[in-house]
2 protein chains.
Amino acid sequence: MKKVLLNEEELPKKWYNVLPDLPEPVPPPINPATKQPVNPEDLKAIFSEECIEQEISDKRFIDIPEEVRKVYAMWRPTPLVRAENLEKAIGSKAKIFYKNESVSPPGSHKPNTAVAQVYYNKREGINKLVTETGAGQWGSALSFAGAQFGAEVKVYMVRASYDQKPYRKSLMEAWGGKCFSSPTDLTEIGRKIRKEFPDTSGSLGIAISEAVEDAITHKDTKYAIGSVSNHVLLHQTVIGLEVEKQLADIDIKPTIMIGCVGGGSNFGGFFLPFLPRKLNGENIRFIAVEPKACPTLTKGLYKYDYGDTGKVTPLFKMYTLGSSFVPPAIHAGGLRYHGDSPILSLLKKLNLIEAQAYYQREVFEAGVLFARTEGILPAPETNHAIKAAIEEAKKATKDDVIVFNFSGHGHFDLAAYDAYFRGELQDYAYPEKDILKAIENLPEV
Amino acid sequence: MKKVLLNEEELPKKWYNVLPDLPEPVPPPINPATKQPVNPEDLKAIFSEECIEQEISDKRFIDIPEEVRKVYAMWRPTPLVRAENLEKAIGSKAKIFYKNESVSPPGSHKPNTAVAQVYYNKREGINKLVTETGAGQWGSALSFAGAQFGAEVKVYMVRASYDQKPYRKSLMEAWGGKCFSSPTDLTEIGRKIRKEFPDTSGSLGIAISEAVEDAITHKDTKYAIGSVSNHVLLHQTVIGLEVEKQLADIDIKPTIMIGCVGGGSNFGGFFLPFLPRKLNGENIRFIAVEPKACPTLTKGLYKYDYGDTGKVTPLFKMYTLGSSFVPPAIHAGGLRYHGDSPILSLLKKLNLIEAQAYYQREVFEAGVLFARTEGILPAPETNHAIKAAIEEAKKATKDDVIVFNFSGHGHFDLAAYDAYFRGELQDYAYPEKDILKAIENLPEV
């Protein structure tokens, strides 16, 4: 077991912004009414000014504010770990490393951007943040960040999850976050949906619509976003920049970098700092891993689509399964998004990243093997990255160095493991019919 | 936020054995049938030979085997953290530090001894370990350790907890542990109790009896113990030895050291390496913290008593509330033990350690303040140490240095936090009547 640690002073001082290094520009978000690119001014009702600037910045490196670094230092730099026990168990010729992002207080990479977003809003005089959450990881991370800067955090949590996962709500509450079962009576869209569909179990689309309406209708409130956006991936590059330093410290070059992908922020933050190496012709592969039940990058179309089911967001050019697509209820809730980050989507289109999809049971099998060898119980999302790392290791040579991002632990996902051990987990078939139907309705641009 | 980190090479190479440094010997365990000290030979059916030797060793330092250090290195050395945010929030003049033992894969200090016990048994040819567990922390830690050395782990889990906390069972299962609802049909005593009391919800006393019977009746199986015993406290001194090095690195001397106490292993392992300082006249206080609902050190008697309710263990000289005492159902399950480590009990008797007791709600209030300032959600047991640290900080001067052991995180205790936030937690009064009744029946020695 070899951990590569950095000291607090080695915590990156800047994030890496990939935008100026991309071979072609990311297509801009489109206003669905005018069919014109969204004016950054229009976003000021929702996002902090600093985040809007970062969204389109052409600066290669952007300073991490000292106040943000101070909070990062509670758990960062995170360890890079040689997975020797796993290597032995699967007879890997290649070296396998994982970057352990599960050591943050909320247990995942999510606070890397939550802390930054809360900080910028506070600095601009905004004391109230709203967001939506599905499984609860993002709502927890934002509540944690709110507690650090004394900002109020309000979370619209999909009703089905709110009822099934009361502990996630308690975790948000422990950090002072206020969590509501969406649809609520607090917004117009919420009231409308409750009236029309009193028995609805809610959806991420509805919860996003509620959170955005809340921000638009309250001048003292802004919206925080957990993935997809360029500035979110920017904040997450603290992960990859640390990995770069850690691998350099032991004089090792990665040949395969792997991460699971829902909206794309943990994988993006992890590998984007290494993209220039590939553009310079180095031998390095980037593999995005997703569930077969929601195969955005492997089966989706590269088209403009809404970011949410409720069609309140702009249109983004991305791989999408259609914003009306509802994926099967797999336990990796963080990977059940119909679209993907525009940056990752462009890189996939340009064949600079690869994508793989796996079934639910085989990724849990990989996760249990990881727990028994490397000790840590992974989140169901993270199990996807582990599965791909194992499959790549089987084909790799002794010159290969596989590095994957261990995005979060599974302490709040034991119901899923319980179902797996009882043989009750299903392998949902690739939902081709539903996807074809949802893709039919993509908006014209 | 200042973390004091050690590198992997600084992980202690030896444990500290306090026995030769004690002002008087720990009274030996007594065989209740013969009223004579237990013969170490008699323990060989239950414990590994190495652990039996360590139980009575007069060597001041005992080598940590390389194989054990290798597993420790998965999460050790653990951070020592300056709790600056907490200091500010309570206006502390004193410095406050905490040793973060929650970073282990099972989330507490427990694997420090689980790993050692499994290793020694494997080395002596024993491939099967049994134990009991109440809330599940110890069963999880032993399952984790079993997975690391390829040993089978069988856990008798109190039926009430087994039914109420299915996720703890899933966690053990993730590491390959087999967990049974006690009383089971697997042991004679289990079958007897199920016949007499088919509706019993089980008890730790019954589960201990089942595990010990299992070990005694199977030559290939031994018993692993989670606290109380001298060799368990020995293995836990890796905590205090790291703290010693970490404080020396920043040139700071502790004046107040605090830990919560159930059986005494996290607190013992944390402060015992500092005991010689007190014996040499240095200004340093050691504070054991317990629940008012189970006030062993603050209200118990220093007498010989059984280690379990079922009266299958030897008699130990310890502070006890009587082995028939059943404490109220507080959420800090790890602190619901009627007795205490004989080493800690002797030190309390000699006034070398102090003891404090708190109510349930005030310790949760302290835990929530900790989560909102320092970020990490503490286990209910750990909340006791935090509460005492805050109270001491209020009385302390700027020359004081308070260090407490952060024994575990609360990721598996969110039901308790949920009850706290809903105002449903009770402050159980000091159960004087029950204690007096249980103490009446102490065995004659």
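Reminder, nothing fancy here: chain letters follow the sequence lines and each chain counts from 1. Only this structure's heavy atoms are used, side chains among them; waters, hydrogens and symmetry mates stay out.
- For the atom pair CD (B:E173) and OH (A:Y420), the distance works out to 10.5 Å, reported to the nearest 0.5 Å.
- Heavy atoms of other residues, nucleotides or ligands lying less than 6.0 angstrom from CD of A:E365 number 12 at most.
- Ring planes of A:H411 and B:F412: tilted class, angle from 30 to 60°.
- A:K122 NZ: more than 12 foreign heavy atoms inside a 6.0 Å radius.
- By number of non-hydrogen pairs under 4.5 angstrom with chain B, the leading residue of A:R168, A:Q148, A:K169 is A:Q148.
- Between B:A174 and A:A371, the closest heavy-atom pair is O-CB, 4.2 Å.
- Nearest heavy atoms, B:R372 versus A:G176: NE-N, 3.4 Å.
- Separating the NE2 atom in B:H409 from the NE2 atom in A:H409 is a distance of 6.0 Å, to the nearest 0.5 Å.
- Note that the CG atom of B:D413 and the OG atom of A:S170 stand 11.5 Å from one another [nearest 0.5 Å].
- Checked by atom type and distance alone, the side chain of A:K3 never pairs as donor or acceptor with a backbone atom of B:N7 at under 3.5 Å.
- Contact tally against chain B (heavy-atom pairs below 4.5 Å) for A:L171, A:L377, A:N100: the top residue is A:L171.
- When every heavy atom of B:P105 is checked against every heavy atom of A:G375, the shortest pair comes out as CB-O, 3.3 Å.
- Two residues are said to be in side-chain contact when any heavy atoms from C-beta on lie closer than 4.5 Å; B:W175 and A:V368 fail this criterion.
- No more than 12 heavy atoms of other residues, nucleotides or ligands lie within 6.0 Å of OH in A:Y167, so this atom counts as exposed by the packing criterion.
- Contacts of A:V103 with chain B are absent, with no heavy-atom separation under 4.5 Å from either backbone or side chain.
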